[in-house]
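Since the structure comes first, as structure tokens, the remarks are kept for the end.
We use all heavy atoms of the structure for the numbers below, so side chains are in, but hydrogens, waters and symmetry mates are not. A, B, ... follow the sequence lines: proteins, then strands. Residue 1 opens every chain.
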Protein chains: 2
Amino acid sequence: MMEKRTDAIYPGALPCACANLRRAARAVTQLYDQELRPTGLEPTQFTLLMALNATGEVTQGKLGQRLVIDSTTLTRSLAPLRARGWISSRRGQDRRERLWRLTSAGRRELERAQPYWERAQRRLRKALGQDEWSSLQEVLVRVTRATDEA
Amino acid sequence: MMEKRTDAIYPGALPCACANLRRAARAVTQLYDQELRPTGLEPTQFTLLMALNATGEVTQGKLGQRLVIDSTTLTRSLAPLRARGWISSRRGQDRRERLWRLTSAGRRELERAQPYWERAQRRLRKALGQDEWSSLQEVLVRVTRATDEA
DNA sequence: CCACTATAGATGTATATACATACATATGAG
DNA sequence: CTCATATGTATGTATATACATCTATAGTGG
């Protein structure tokens, strides 16, 4: 179990932007993971269900672009969700493509998990304050876009 | 290989702060990984060398607190660095503890890799602009701290 | 139609990461 | 001092993640 960090080293800025970002991602992932625990969903799995719910049927490649996940990584990340019947796929007109969509069981699962996710969101937003929360979201989108132009 | 995202879906904000953060971390990690490739170091490995250089000799637990990495995760993440002779460890007064430090070979390795890391830093800073770069670093530190209080 | 080349995804392999649990050592109540 | 409990790390197991490479399919110039 991760120890509370408060009483020892209070994480200061790291000189490396990548290290800073990864560290924050670990910290926040742990918070969301904790809240989502009762649902049995990993944060990543919840994100995939939510993304498919938002996009509707979408190819593996486009889903990867939206989430900045290598499309070959998705081959494996999506497999357990399919195994549980929450998503399904079919071949597209272009038979190389795989089109994914949420099943109705998947939609129900997403709805079941949503309150736990909302609790995580509220918990972080409250600890951060509304202003920081907003600027976090904005700067993250800009960073994500910037890497594409860099 | 990750595809350029520009010409298809331009990553918009995700409703989930955790998903946003993880996505940005993936994007930025790929940029740093690309620049660090010639050195043979993974971004995480570079971060560990840099952190040990900054702290001097430190226990595994404290190192984990600083980087928000579970200390048992470090058991495995540090192993390859020790195998290559860049770090070494000894037992502390408290014999349960393991104290880690950079070797002189490790310091040389860090110096060798530094220019590549700096290239990555410059590349991201340039794409982001100085203001966004600064606010990124600040908000990330606050988020990391907030999870400890949340 | 045919040979090239390009693209979508699958598979092999490796690192990063956490949690549950196990083990060794420390520490405090008596 | 001695036992009960707490703490630091190691190990078993699982997910997340990427890249290199492979295969199947698509698109293109002749």
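- Between B:Leu41 atom CG and C:dT15 atom P there is a gap of 13 Å when expressed in whole angstrom units.
- Nearest nucleotide to the side chain of A:Ile69, out of D:dA18, D:dA20, C:dC19: D:dA18.
- Side-chain atoms of A:Glu42 lie closest to D:dA16 of the nucleotides D:dA10, D:dA16, C:dA10.
- If you run side-chain contact (heavy atoms from CB on, under 4.5 Å) between B:Leu48 and each of B:Ile87, B:Leu102, B:Leu81, B:Leu41, only B:Leu81 comes through.
- Taking 3.5 Å as the limit, the base of C:dA8 and the side chain of A:Ser71 contain no donor-acceptor pair of atoms between them.
- Across all strands, A:Thr59 comes closer than 4.0 Å only to sugar-phosphate atoms, never to a base (heavy-atom distances).
- Atom-to-atom, CZ of A:Arg98 to C1' of C:dT7 comes out at 16 Å; the value is rounded to the nearest Å.
- Along DNA chain C, the nucleotide nearest B:Ser77 and the nucleotide nearest B:Arg95 are compared for position; the residue whose nucleotide lies closer to the 5' end is B:Ser77.
- Residues B:Arg107 and B:Asn53 come closest through the heavy atom pair CG-OD1, 3.8 Å.
- No side-chain heavy atom of B:Leu140 sits less than 4.5 Å from a side-chain heavy atom of A:Arg23.
- We find the CD-OG1 distance between B:Glu109 and B:Thr39 to be 6.5 Å, quoted to the nearest 0.5 Å.
- Between the side chain of B:Gln60 and the backbone N or O of B:Ser71, at least one donor-acceptor pair lies under 3.5 Å.
- The phosphate of C:dA10 has OP1 or OP2 within less than 4.0 Å of a side-chain N or O from A:Gln60.
- One interatomic measurement links the two molecules: CD of A:Gln65 to C1' of D:dT17, which rounds to 17 Å at whole-angstrom precision.
- Contact between the side-chain N/O atoms of B:Gln45 and the OP1/OP2 oxygens of C:dT15 is not found at any separation under 4.0 Å.
- Between A:Arg76 and A:Arg26, it is A:Arg76 whose nearest contact on DNA chain C lies nearer the 5' terminus.
- Taking atom CG of residue B:Leu67 and atom C1' of nucleotide C:dT17, one finds them 13 Å apart after rounding to whole Å.
- As rounded to whole Å, 14 Å separates atom C1' of C:dA8 from atom CG of A:Leu78.
- Nearest nucleotide to the side chain of A:Thr44, out of C:dA10, D:dT9, D:dT17: D:dT17.
- The separation between A:Leu36 atom CG and C:dA18 atom C1' is 15 Å, rounded to whole Å.
- When rounded to the nearest whole Å, the span between CG of A:Asp33 and P of C:dA18 equals 10 Å.
- For the pair B:Thr73 and B:Arg96, nearest-nucleotide mapping onto DNA chain D gives the more 5' position to B:Arg96.
- In this structure, the CG atom of A:Asp70 is 14 Å from the C1' atom of C:dT13, given to the nearest Å.
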